[in-house]
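The structure appears below as structure tokens.
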Amino acid sequence: MAEIIHDVASLAWIFQMEASTYCIRLNEEQTSLQHIYWGTRIDTATAREMALAWRTYFVPFESTIGNSREEFAPWGELRFSEPTLKVAYADGTRGIEWHFEAYGIEQEQRKQTLWLRFVDQVYSLQVTLYYRIYTGHDVIERWVRLENSGADAPIMLEQAFSADWQLPHHERYRMTYLHGRWGKETQVTETLLSPGKFVLESRRGTTSHQFNPWVAFDVDASATEEQGEVWSMALAWSGSWKFVAETTSYGTLHCVGGINDFDFRYRLDAGVCLDLPMFVGLYASGGFGESSRKWHLYQRERLLPETLDAVRPILYNSWEATAFAVDERNQMELAEQAASLGIEVFVMDDGWFGERAHDRAGLGDWTVNRAKFPRGLNPLIERVNELGMRFGLWVEPEMVNVDSDLYRAHPDWVYHFHKRTRTESRNQLVLNLARTDVRDWMFTTLDTLLSEHNIEFIKWDMNRSISDPGWPVESGHNPERVWLAYVQNLYWVFDELRRRHPNVAFESCSGGGGRIDLGILSRVEQVWTSDNTDALDRLRIQEGFSYAYAPRAMMCWVTDCPNYLTARTVPLLYRFHVAMAGSLGIGGDLSHWTPQEREEARALIESYKRVRPTVQNGKLYRLRSPRSGQVAAAQYVAQDGSEVIVFAWGHSQQFGETQIVLQLYGLEQEASYSVVDESMHYSGAYLMQHGLKMRLVGDFASQMYHLVRHALA
Ligand code: DGJ
């Protein structure tokens, strides 16, 4: 059971989690919150002993507190490393001197929250630090509430991060993170840290393809896939963000992060509160594999929205088949083909609205294009429903084309600087969603669309970064708050739509995986992983995704060959096996599939329906990385251990090496496992110690094994 214990004698709070312990304490003067311990679970007496033994140490030419390991560092006094909070008061004072005021522990079923309030000794700034833990988990959710408790003077926030994570004392750390670009998201990357700062960030107003707000640390590159200690963090924010991993000259490593301070200022008016985004930390002692499994469990049980579906339905998406040229006839034909394969949700992508014949027009005009759909959308939706599928629709509500009625009516609604170019990207401009009128227009438009049609799935796209972040009419003389207000209003629209339309599931897309983070994942059932649907490239993208995020949320389509991006042709079976490793979708032009391909697809969709509870909700073991060797493999074990799914993907066979043996994980030594549709039986010990033997013949060969555990005789 998760527990937060306050020890009065040591001024400490000890967090006892599933398999880890975290400990913090106040200094004697109660002016600083110190980090004591974060690691494998220890007993409370040992944590208390550590807290009691804590001392600042003298370093010539430095201050003791400035050099200590603070949980949250307010800039001021002799602090020179990356702070967590920097403010400017109305009279010009810029340093914070605070002291502890109060704390509370809130206990709810299976969850405990600690809050600690600090107040500036002179000015009206209150900072409340929150920590939340859950029974059965090893995550610590941290966030901050800033309050101006005064009567008149505003406080300008210049840097307002969510948390500072202190890593244990070790000589050197490796940092692992996910970087990429369009079509190449979530690539696993690592670097050994030397003294100095390593910054990961997005300045694009959105999460970004370039860096994902997740990072992991292990000691001197000692952790492997299934062994070693890993400390990782992820930020719940879909706007510009920043992590600073700083190794000080005294050998300590801390990682501070939150909303990006670049071009950011936020005026906290008297009487106003601001909640900063949640920054979540996780400790695992069983390598990157265990770290990922703990992230996945947390997301499934505590973060992803509660949904009507125990498993994600299989969807069809029209984009690669019909692009902008959607119409009632071709969508109905595709829907019929999709239904005959066993697909459960039919999603019509871009092109159905306004004057959207190409990407130069129409965005912003969310009314049905009558040339393409003379009878509106309802006949198509009814047909899709008759075929036994739900209907889903693509929207990109944050954007506008210059060639649109919306832009002609409201040219002032887009981001722009006075007297400056309105920089287009993909021929579109970004609506300034920080404006209340834009927010209300967006909500009403989408609410109407959902109220007037039986739409049960929305693919919410966002196809460009924010530039020219000007807000000329901002009334409070604080246009830089746009970075924050945009995301707050985006979340507000999502939350209101979900409240009003609880039967609608959402997918976050941003030119593929440009908006994947814990903030959006608490509002959508799934994300579009990448516009790159080449099966081989996908293995790398999906592997990186799985370091941080749950396979259940990872939408993967089977599309046509040659692939539009890589020109590569691989067998349909291989494409399916890669896409079946997450939430399966089909994105090919079904009207061109041969009868044999359809038959094969139908059978594979049928088998995916049998394995998906384990793939989507089970424990993932990455057996072989697509970054090394000719074969990649992954294994999923049902939460109750009753089923095991193994995928092996071989891409380029060399030297006639067709035999592979995969040692499995997480099985019961003495249980017996049978292979579905085959007569083979193996013991858990055999599968884990000897391994599952298989043959992969030729290039792009793949196998899926479905094993079922049998009760002991
Ligand atoms: C980018 C998305 O990632 C694609 O899947 C597709 O929806 C296009 N936008 C449509 O414009």
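For the numbers below, each heavy atom of this structure counts, side chains included, while hydrogens, waters and symmetry mates do not. Both counts, for ligands and for their atoms, begin at 1 and track the order of listing.
Within the set V347, D461, D359, the minimum heavy-atom distance to atom 9 (N) of ligand 1 is found for D461. Within the set V395, D531, N532, T529, the minimum heavy-atom distance to atom 3 (O) of ligand 1 is found for D531. Nearest-residue assignment for atom 11 (O) of ligand 1 (options D350, N463, L363; heavy-atom criterion): D350.
Residues D517 and S238 have side chains that bring a donor and an acceptor to within less than 3.5 angstrom of each other. Residues S591 and D589 bring a donor and an acceptor atom of their side chains to less than 3.5 Å of each other.
The side chain of R426, and not its backbone, has at least one atom closer than 4.0 Å to an atom of ligand 1 (non-hydrogen atoms only; side chain from C-beta on).
Between H651 and F700, the ring-plane angle classifies as tilted under the 30° and 60° cut-offs.
We find that D405 and R408 are joined by a salt bridge, their nearest charged nitrogen and carboxylate oxygen being less than 4.0 Å apart. A salt bridge links E398 and R515; the closest N-O separation between the charged side-chain nitrogens and carboxylate oxygens is under 4.0 Å.
Annotation: D349 places an N or O atom under 3.5 Å from an N or O atom of ligand 1; distance criterion only.
For the ligand labelled ligand 1, residue R356 lies outside the 4.0 Å heavy-atom shell. Residue contact check for ligand 1: E396 places no non-hydrogen atom closer than 4.0 Å to it.
Of the options R204, E201, R203, a side-chain hydrogen bond (donor to acceptor under 3.5 Å, both in side chains) to N260 is made by E201 and by none of the others.
If you take CG on L584 and CD1 on I343, they are separated by 7.5 Å, rounding to the nearest 0.5 Å.
Remark: ligand 1 atoms within the under-4.0 Å shell around heavy atoms of G512 are 3 (O). The contact set between ligand 1 and W528, taken as ligand atoms under 4.0 Å from a residue heavy atom, comprises 3 (O), 5 (O). Atoms of ligand 1 lying under 4.0 Å from at least one heavy atom of C509, given by number and element, are 2 (C), 3 (O).
Of the protein's non-hydrogen atoms, K459 NZ, 2.7 Å is the one closest to atom 5 (O) of ligand 1.
The main-chain N or O of G511 is found under 3.5 Å from a side-chain atom of W182 such that the two form a donor-acceptor pair.
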